[in-house]
Asker: 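Below are the structure tokens for one structure; questions will follow.
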Amino acid sequence: MAVSLGVFSSFCAVQTASFVRSSPTAVKLVPCNLRPVRTVTVMAAASKPAVETKKREPRGITKPRRVSPEMQYFLGGLSEIPRTQVLKEIWAYIKEHNLQMSPVECAIMILSETLDHLQQDPEDKKVIVCDEKLKKIFGGRDRVGFLEIAGLISPHFQK
């Protein structure tokens, strides 16, 4: 229901008055010492029918790419796979074979073969000790930092 503000200014009574328009609804007016407030009614626009969202084609690191023979060997024969999935497979392999160690463990392992006398943080696993399977995809390196993995697998993806 829309009433202009000019109508309110002409009614100035101590008590509320009622104003009847041509429609059967009545409008109550407030005393003139209160400031009138303009109300805006927004009509809902006709909603458009829902458009079916198409599944977007994978792109970037989620797009399957051809991989090198060394990576195919590691992945069990897969010739095309997304980069994200390769990282998941590598981490699953590392955790399954317990190949993570803390930097302290790595330094002590290099200096001596015993780890019994040192306390270490089991959550600090920043170094990956490569077995023969990982050495093939990490360029023959014995140890790899966990941040280096993404860079070391890049040469195995063909463009």
Asker: Would I94 end up clustered with I153 when hydrophobic side chains under 4.5 Å apart are linked, directly or stepwise?
Answerer: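 Per the 4.5 Å side-chain linkage, I94 and I153 are co-clustered.
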Asker: Please report the closest heavy-atom contact between R83 and A150, naming both atoms and the distance.
Answerer: NH2-O, 2.6 Å
Asker: Just how far is it from atom CD of E89 to atom OG1 of T84, taken to the nearest 0.5 Å?
Answerer: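 Output value for this atom pair is 10.5 Å.
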Asker: Report yes or no: do V67 and Y73 belong to one cluster of Ile/Leu/Val/Met/Phe/Trp/Tyr joined by side chain heavy-atom distances under 4.5 Å?
Answerer: no
Asker: Are V127 and Y93 in one and the same hydrophobic cluster, where Ile, Leu, Val, Met, Phe, Trp and Tyr link if side-chain heavy atoms are under 4.5 Å apart?
Answerer: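 No, separate clusters.
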Asker: Could you check if a side-chain atom of P58 sits within less than 4.5 angstrom of a side-chain atom of P64, using non-hydrogen atoms only?
Answerer: yes
Asker: Restricting to non-hydrogen atoms, name the atom on R65 and the atom on G60 that form the minimum distance, rounded to 0.1 Å.
Answerer: NH2-O, 4.3 Å
Asker: Is the closest side-chain heavy-atom distance between W91 and I128 below 4.5 Å?
Answerer: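 In contact.
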Asker: Output the distance between atom CD1 (I90) and atom CD1 (I149), rounded to the nearest 0.5 Å.
Answerer: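 Result: 6.5 Å between the selected atoms.
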Asker: Is there a side-chain contact between H156 and E70, using heavy atoms and a 4.5 Å cut-off?
Answerer: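 In contact.
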Asker: Roughly how far, to the nearest 0.5 Å, is the CD atom of Q158 from the CD atom of E80?
Answerer: 9.5 Å
Asker: Could you check whether any side-chain heavy atom of I61 comes within less than 4.5 Å of a side-chain heavy atom of F157, counting everything from C-beta outward?
Answerer: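 No; the side chains remain at least 4.5 Å from each other.
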Asker: Hey, does E148 have a side-chain heavy atom less than 4.5 Å from the side chain of R141?
Answerer: yes
Asker: Should L152 and I137 be counted in the same cluster of Ile, Leu, Val, Met, Phe, Trp and Tyr side chains packed under 4.5 Å apart?
Answerer: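 Yes, one cluster joins them.
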Asker: More than 12 heavy atoms of other residues, nucleotides or ligands under 6.0 Å from NZ of K63: is that the case?
Answerer: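 No, not enclosed.
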Asker: Evaluate whether atom NZ of K133 has more than 12 neighbouring non-hydrogen atoms of other residues, nucleotides or ligands under 6.0 angstrom away.
Answerer: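 Yes, NZ of K133 has more than 12 neighbouring heavy atoms, counting only those of other groups under 6.0 Å.
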Asker: If you compare all heavy atoms of T62 against all heavy atoms of P82, which two are closest, and at what distance to 0.1 Å?
Answerer: O-CB, 3.5 Å
Asker: Looking at every non-hydrogen atom in both residues, tell me the closest pair between L134 and D131 and how far apart they are.
Answerer: N-OD1, 3.1 Å
Asker: So V86 and F74, do their side chains get closer than 4.5 Å, heavy atoms only?
Answerer: no
Asker: Check the hydrophobic clustering (I, L, V, M, F, W, Y; side-chain heavy atoms under 4.5 Å; chains of links allowed) and say if M101 and L147 are grouped together.
Answerer: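 In one cluster with M101: L147, no.
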